[in-house]
K.L.:
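One structure follows; several queries about it will come next.
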Amino acid sequence: MQETGSLQAIQPYINTRENLPSYLCFIVVSGTGSLLYEGKPYSLQSGDVVFIDCQKKYAHSTSDNLWSLQWCHFYGFSLHAIYEKYQERGGQPVFHPKDVAPIRKLMEKLYELADSSDYIKDMKINRELSALLTFLMAESWNPEMGSLYRKHAKLDNVKCYIDKHYADKITLDKLSDIFYIDKFYMSKKFKDIYGVTIISYLEEKRITKAKSLLRFTDMTIEEISIAVGINSASYFSRVFKRAEGIGPGKYRKLW
């Protein structure tokens, strides 16, 4: 958690930011206002919840009906992927839950923890942020709005295929033929969604399996190389060392 608090506007204002490594969630407790996010305006009223990526340009402001807010800025290594999944499921920058009480209680708990001297408050804050994200994700599902989810469904199938068939000979052309997707489009979208190229993901799956075989079996390095879909033991050793910083033989001895 980066910041949390509550706000009661005492006069109209506008707050504008962008390129901020943070995610913002706030609740309109009372009053009205507006949000401008990625060039699109949203009217806000009591009970509305906002969840946005602060790397994108945004501005929020109260109307003459001065609002009060509860808010929280937070960040983490996996949040970009979480927010993408939120959007894929149809999650919007602004939504109006049927019951706002649970998220208000979460915000209050976060504020109490941030202000406490509890020696494990960081772990407790992490727990409450996970509960907050769970609430946001539960509210995000909207099949009518989830165009990104439908658009990326085939890419999920590509990933599942690699998970299951990593030991086979896999090429972009083969995946393109199986899933009827242009290989250049497939490569770009896979990287956009999962943050790695298809080839890097395949290599990661193979190395992960190889590590398990090195630790828990007596298979030779040559046998393991073949078992994970790399027919050259010397090439396997180079790939393994590039990924892990040490060769497979040394890795086995360390474990």
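Sequential numbering from 1 along the given sequence is applied to the chain's residues. Computed from a predicted structure; not experimentally measured.
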K.L.:
Is a side-chain donor-acceptor pair under 3.5 Å present for Ser43 with Ser34?
P.N.:
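Note: Ser34 and Ser43 side chains miss the donor-acceptor criterion.
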K.L.:
From Asp53 CG over to Leu79 CG, what is the distance, rounded to the nearest 0.5 angstrom?
P.N.:
9.5 Å
K.L.:
To the nearest 0.5 Å, what is the distance between CE on Met107 and CH2 on Trp71?
P.N.:
10.0 Å
K.L.:
Taking atom OH of Tyr13 as the centre, does the number of heavy atoms from other residues, nucleotides or ligands within less than 6.0 Å exceed 12?
P.N.:
yes
K.L.:
Ala167 and Ala227: which non-hydrogen atoms are nearest, and at how many Å?
P.N.:
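Heavy-atom minimum between the residues: CB-O, 3.3 Å.
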K.L.:
Can you find a heavy atom in the side chain of Lys191 that is under 4.5 Å from one in the side chain of Ile198?
P.N.:
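Answer no - side chains too far apart.
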K.L.:
Taking ring pair (Phe, Tyr, Trp, His ring centres under 6.0 Å) as the test, write out the residues that go with Tyr86, two or more places apart.
P.N.:
Phe51, Tyr83
K.L.:
With Lys159 as the cation and Tyr194 as the aromatic partner, state whether NZ or CZ is under 6.0 Å from the six-membered ring centre and within 45° of the axis.
P.N.:
yes
K.L.:
Test your reading of the model: is there a side-chain donor-acceptor pair from Arg17 to the backbone of Ala59, 3.5 Å cut-off?
P.N.:
no
K.L.:
Using distance alone, with no hydrogens and no angle criterion, decide if Tyr201 and Asp163 have a side-chain donor and acceptor under 3.5 Å apart.
P.N.:
yes
K.L.:
Quick check on Tyr111: does its OH atom have over 12 non-hydrogen neighbours (other residues, nucleotides or ligands) under 6.0 Å away?
P.N.:
no
K.L.:
Between Val158 and Phe190, is there a side-chain heavy-atom distance shorter than 4.5 Å?
P.N.:
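They are in contact (side-chain heavy atoms under 4.5 Å apart), so the answer is yes.
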K.L.:
Does a sphere of radius 6.0 Å around NZ in Lys174 hold more than 12 heavy atoms from other residues, nucleotides or ligands, not counting ones at 6.0 Å or beyond?
P.N.:
yes
K.L.:
Can you name the residues that form a side chain to side chain donor-acceptor pair (under 3.5 Å) with Ser234, not counting sequence neighbours?
P.N.:
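Listed in chain order: Ser232.
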K.L.:
State which residues pass salt bridge (Lys or Arg N to Asp or Glu O under 4.0 Å) with Asp115; sequence neighbours excluded, sorted by chain then number.
P.N.:
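With neighbours one apart ignored, the set is empty.
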K.L.:
Students often mix this up, so state it plainly: with edges at 30° and 60°, are the rings of Trp255 and Tyr251 parallel, tilted or perpendicular?
P.N.:
tilted
K.L.:
Would you mind reporting whether Leu69 and Ile27 have side-chain heavy atoms less than 4.5 Å apart?
P.N.:
no
K.L.:
Is there a donor-acceptor pair under 3.5 Å between the side chain of Ser130 and the backbone N or O of Asn126?
P.N.:
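Flag set: sc Ser130 to bb Asn126 pair under 3.5 Å.
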K.L.:
Under 3.5 Å, is there a donor-acceptor pair between the side chain of Ser140 and the main chain of Gln87?
P.N.:
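It does not hold such a pair.
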K.L.:
How long is the straight-line distance from CG of Leu202 back to OG1 of Thr171, given to the nearest 0.5 Å?
P.N.:
10.0 Å
K.L.:
Would you call Cys25 and Ile103 a side-chain contact if the rule is heavy atoms closer than 4.5 Å?
P.N.:
yes
K.L.:
Which atom pair, heavy atoms only, marks the closest approach of Val28 to Leu44?
P.N.:
CG2-CB, 4.1 Å
K.L.:
Got a salt bridge between Glu88 and Lys85, using NZ or NE/NH1/NH2 to carboxylate O under 4.0 Å?
P.N.:
yes
K.L.:
Nearest 0.5 Å, please: how far is NZ in Lys188 from CG in Asp182?
P.N.:
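It comes to 12.5 Å.
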K.L.:
Quick check on Asp64: does its CG atom have over 12 non-hydrogen neighbours (other residues, nucleotides or ligands) under 6.0 Å away?
P.N.:
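No.
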K.L.:
To the nearest 0.5 Å, tell me how far Lys124 NZ sits from Leu113 CG.
P.N.:
7.0 Å
K.L.:
Could you check if a side-chain atom of Gln55 sits within less than 4.5 angstrom of a side-chain atom of Glu18, using non-hydrogen atoms only?
P.N.:
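Of all side-chain heavy-atom pairs linking Glu18 with Gln55, none is under 4.5 Å.
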K.L.:
Check for a donor-acceptor pair, side chain of Asp99 on one end and backbone N or O of Ala101 on the other, with a separation under 3.5 Å.
P.N.:
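Yes, the answer is positive, given that a donor and an acceptor are paired below the 3.5 Å cut-off.
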K.L.:
Is there a donor-acceptor pair under 3.5 Å between the side chain of Ser187 and the backbone N or O of Lys183?
P.N.:
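Indeed, once roles are kept as given, a pair shorter than 3.5 Å links the two residues.
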K.L.:
Should we count CG of Asn15 as having more than 12 external heavy atoms under 6.0 Å?
P.N.:
yes
K.L.:
Between Met219 and Leu213, which heavy-atom pair has the shortest distance, and what is it?
P.N.:
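Heavy atoms of Met219 and Leu213 come nearest at SD-CD2, 4.0 Å.
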K.L.:
Can you tell if the side chain of Ser237 reaches within under 4.5 Å of the side chain of Tyr235, non-hydrogen atoms only?
P.N.:
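No, every pair of side-chain atoms sits at 4.5 Å or beyond.
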K.L.:
Please determine, by modelled atom types, if Ser46 and Ser30 share a side-chain donor-acceptor pair under 3.5 angstrom.
P.N.:
no
K.L.:
Is it the case that atom NE2 in His80 sees more than 12 heavy atoms from other parts of the structure closer than 6.0 Å?
P.N.:
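Atom NE2 in His80 is not crowded, with 12 or fewer foreign heavy atoms closer than 6.0 Å.
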K.L.:
Answer whether the closest heavy-atom distance between the side chains of His60 and Val50 falls below 4.5 Å.
P.N.:
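SC-SC contact between His60 and Val50 ruled out.
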K.L.:
Does a side chain donor of either Gln2 or Ser22 reach within less than 3.5 Å of an acceptor in the other side chain?
P.N.:
yes
K.L.:
Can you see which heavy atom on Phe26 is nearest to which on Leu24, and at what distance?
P.N.:
CD2-CD2, 3.7 Å
K.L.:
For Lys56, is there an ion pair with Glu38 - N to carboxylate O distance below 4.0 angstrom?
P.N.:
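Yes.
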K.L.:
Using 0.5 Å steps for rounding, measure from the CH2 atom of Trp67 to the OG1 atom of Thr32.
P.N.:
8.5 Å
K.L.:
Testing the basics here: between Lys121 and Ala114, what is the closest heavy-atom pair and its distance to 0.1 Å?
P.N.:
NZ-O, 3.1 Å
K.L.:
Answer yes or no: is there a donor N or O on one side and an acceptor on the other, between the side chain of Ser176 and the main chain of Ile181, under 3.5 Å?
P.N.:
yes
K.L.:
Tell me the closest heavy-atom pair linking Pro12 and Leu66, and the distance in Å.
P.N.:
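Pro12 and Leu66 have their closest heavy atoms at N-CD2, 3.7 Å.
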